[in-house]
Amino acid sequence: MESLPFFNQLLQFIVTGLTIGAIYAMVAIGFNIIYNVTEIINLAQGEFVMLGGLVMVTVHVMWGVPLPLAFGLTVLGVTLVGVLLDRLAIRPIRKPSVMTLIIATVAASIIIKGVAMLIWGKSPYDLPAFSGRTPIDLGGVIIQPQYLWVVGFLVVVAIGLTWFFNRTIYGKAMSACADNPDAARLVGINVRHMVLLSFALSAAIGAVAGLTLTPIALMDYDRGAMLAIKGFGAAILGGLGSFPGAILGGLVLGLIEALSAGLLSSGYKDAYALIILLAVLFIRPSGILGNLEVTRFKRF
Amino acid sequence: MVKRVAIVFLACVAICGWAIRPALAEYKVGAIFSVTGGASFLGDPEKKTAEMVVEKINQAGGINGQKINLIVYDDESDATKCNLLAKKLITQDKVVAVIGPSVSGLSLAVVPVFEKERTPLISCAASFKIVHNDKTGKPYPWIFKTPQSDSLAVEAIYTQMQKMGIRKIAIMSVTEAFGASGREELLRLAPAYKIDIVADEKYGPKDTDMMAQLTKIKGLAPQAIINWSVGPSQVTVVRNWRDLGMEKITFFQSHGFGSRKNIELAAGAAEGVFCPLGACNIAELLPADHPQKQVTMTYMNDYMAKYNEPLSSFGGHAWDAISLLADALKAVGPDKAKIREYLETKKNFVGQHGVFNFSADDHNGLTKEAFQMVVVKGKDWALAN
């Protein structure tokens with residue numbers, strides 16, 4: 001067995017880190033969309049990812065629906081869950097304070113997890129990779145085709161969101177709600193619709209993250225919380241509310257994990273990630289790309 | 001008049017009480033399993049198995065004419081809940097003995113409870129420490145366990161490695177009780193088998209990818225990798241190993257890999273993976289003269305007929321625990337101290353995971369021969385060699 005040159009190892013760590021980071025980034029984007037419009041941290045975000053994976057398994061593997069159609073159905077299905085979450089858990093709260101709303105999302109995440117356990121049981125599920133499992137060998141660096149899908153979807157989501165927020169009337173209305181809900185209401189924007197839209201959108205992105213992750217790491221009902229924590233860390237690292245920040249935060253977090261696992265000690269990789277996160281917050285309390293002036297106006 | 005009615009009424013109640021009492025005298029047995037939560041893949045088949053065995057005994061008329069009343073609780077893989085349930089079983093339900101918990105961490109957490117309340121516990125978890133008090137160097141008097149200790153699995157793997165001429169290895173383990181305990185045994189026993197551990201990598205139970213750890217190992221070029229984990233992460237490791245083109249480095253899994261479901265989930269990546277397994281996983285592969293052939297075949301057929309799902313090795317631990325207890329109840333009746341004594345001296349009990357020979361120094365009763373070394377071939381187990 002020939003040993004692997006150090007440079008190749010390093011590249012392999014970076015490839016791995018970027019892939020995991022892309023998943024974290026997508027979860028972080030989901031956090032940001034809802035945070036920007038409502039100022040709440042949706043702690044059920046991880047459950048959207050879990051549902052994305054498991055619904056895809058049902059539609060694609062069990063019902064045998066072809067991949068592109070199954071993809072669409074899954075995203076649609078999870079989006080519906082996001083809409084229901086807003087209608088059933090967020091909107092009925094009579095005197096919403098940020099804290100009660102966040103607690104409502106915690107309750108929702110427990111319910112979603114419980115229902116998922118009843119539907120899919122406790123065992124993990126696998127999904128066939130979108131374009132096969134033959135690894136691509138780039139001069140000693142191994143890349144799974146699925147990695148490219150993960151990173152590709154992150155790029156698509158990023159471009160799509162940029163277009164949505166800058167070029168469409170709905171996107172601009174959502175940005176307006178994010179800046180100042182009262183002023184947005186005064187110019188005739190239906191803030192409630194925007195909140196609904198934000199939940200739908202972040203559920204859809206969560207679903208995409210889940211169904212691209214499943215062929216790599218399997219999916220079971222219990223996965224959501226961990227992904228939510230990592231994604232939340234990424235959102236904080238990049239600056240809560242900032243989309244470029246979420247992508248940067250996710251990728252940086254993934255890279256730190258992979259590099260510290262490979263080069264330092266794998267037992268402490270989560271600790272290294274947290275240390276870097278804390279260090280960043282000491283130096284820049286608003287995160288890497290966050291804006292302190294903006295956060296000062298937020299209630300949370 | 002009222003007084004007389006009251007007296008008659010009280011007398012009736014008293015007599016009825018007497019009359020009902022004997023009917024209530026059934027053998028109450030407790031069970032705590034992690035039926036939901038992170039360790040549900042252990043607790044679920046264990047619960048199903050224990051219920052199946054008890055149902056079978058009761059249908060056949062019970063033990064000495066008494067039915068077994070099995071009270072099963074779910075600890076949700078949570079140590080605090082597990083502890084409360086253990087106390088509830090002993091003080092409120094007044095059971096004579098308890099089987100479970102499913103997980104090493106939880107079993108260790110309730111050991112003091114059973115020692116204090118002087119109630120026999122037959123654990124279904126792997127760690128050697130459950131039946132080994134580090135202070136005295138002997139087992140805890142009231143605690144027994146049926147799964148092979150992880151030290152035995154380590155010995156079985158190292159013995160196989162010696163046969164294959166493997167000296168330089170890397171180990172990987174998950175950062176929870178099962179992985180940590182296995183890792184300790186791997187490190188402790190390596191010198192005795194003249195095995196050199198060049199890398200000692202870890203990962204979290206919910207990690208999505210172990211490419212980084214494996215890449216590091218690839219750089220060190222050992223002859224074999226031993227992975228110690230349970231749950232989805234052990235499937236991800238095997239897939240990553242295959243993706244990185246590391247087939248030349250032989251892959252050994254712990255006995256936690258003992259479910260065909262894992263081979264299926266690995267989607268072809270598990271071919272050529274070695275793993276030590278108890279007899280009940282490979283009942284149909286055993287030679288006809290194997291001492292465990294009959295019990296394992298019966299259990300496999302019963303379980304698959306009743307639940308219509310493949311057998312997992314973990315249910316076998318519950319089978320061993322409840323069957324041992326039933327055996328003790330039959331011999332000595334519902335007396336905690338006598339059950340404990342009986343279990344401690346029990347010899348030649350043919351179970352799903354080996355032939356048990358308990359003694360005052362050994363509350364597990366198994367040797368490394370309780371493991372068969374198997375290799376994944378054509379998406380199924382095959383005996384190694």
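All figures in this text were calculated on a predicted structure; none of them were measured in a lab.
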Between B:D209 and A:T19, is any pair of side-chain heavy atoms under 4.5 Å apart?
-> no
A:M219 portion near chain B, given a 4.5 angstrom heavy-atom threshold = neither
Segment of A:P135 engaging chain B (4.5 angstrom heavy-atom cut-off) = side chain
Look up atom CD in A:Q9 and atom CG in B:L220, then write down how far apart they are to the nearest 0.5 Å.
-> 7.0 Å
Tell me, side chain or backbone of A:D220 under 4.5 Å from chain B's heavy atoms, or both, or neither?
-> side chain
Can you tell which part of A:Y221 gets under 4.5 Å to a heavy atom of chain B, answering side chain, backbone, both or neither?
-> side chain
What part of A:L213 is in contact with chain B, defined as an atom under 4.5 angstrom from a non-hydrogen atom: side chain, backbone, both or neither?
-> side chain
Between A:I142, A:V15, A:T134, which has the largest tally of heavy atom pairs under 4.5 Å with chain B?
-> A:I142
Looking at A:I216 and B:R239, what are the two nearest heavy atoms and their distance?
-> O-NH1, 3.6 Å
For B:R188, does the CZ atom have more than 12 heavy-atom neighbours from other residues, nucleotides or ligands under 6.0 Å away?
-> yes
Applying side chain to side chain contact (heavy atoms under 4.5 Å, CB included), run through A:L218 and B:V235 and close with a yes or a no.
-> CA-CA 9 Å; A:L218 312 178; B:V235 176; 3.8 Å; yes
Do the side-chain N and O atoms of A:Y147 and B:D243 include a donor-acceptor pair separated by under 3.5 angstrom?
-> no
Would you indicate whether the side-chain heavy atoms of B:E264 and A:D126 approach each other to under 4.5 Å?
-> no
Interface residues of residues 40-48 of chain B facing chain A - non-hydrogen atoms under 4.5 Å apart = B:S40, B:D44
Tell me, yes or no, whether the heavy-atom count around A:W149 atom CH2, taken from other residues, nucleotides or ligands under 6.0 Å, exceeds 12.
-> no
Shortest non-hydrogen contact from A:P124 to B:K261?
-> O-CE, 4.3 Å
Where does B:T36 contact chain A at under 4.5 Å (heavy atoms): side chain, backbone, both or neither?
-> both
From A:Q12 CD over to B:L214 CG, what is the distance, rounded to the nearest 0.5 angstrom?
-> 9.5 Å
Work out which heavy atom in B:M211 is nearest to a heavy atom in A:T16; give both atom names and the distance.
-> CB-OG1, 3.2 Å
Around A:Y272, counting heavy atoms of other residues, nucleotides and ligands shown, do more than 12 lie under 6.0 Å from its OH?
-> yes
Please report the shortest heavy-atom distance between A:R223 and B:P232, naming the atom on each side.
-> NH2-CB, 3.9 Å
Name all residues meeting the side chain to side chain donor-acceptor pair (under 3.5 Å) criterion together with A:N42; count only those two or more places apart in sequence or in a different chain, and write none if there are none.
-> A:Q45
Keeping to residues at least two apart or across chains, list the salt bridge (charged side-chain N to carboxylate O under 4.0 Å, His left out) pairs with something in residues 248-261 of chain A.
-> A:K230-A:E257
Under 4.5 Å heavy-atom distance to chain A, tell me which part of B:V174 shows up: side chain, backbone, both or neither.
-> neither
Donor-acceptor pair, side chain of B:K216 and main chain of A:L264, under 3.5 angstrom | yes
Residues which pass side chain to side chain donor-acceptor pair (under 3.5 Å) with A:E47, listed by chain and number, not counting sequence neighbours | none
Which bit of A:I20 is near chain B, if near means a heavy-atom gap under 4.5 Å: side chain, backbone, both or neither?
-> side chain
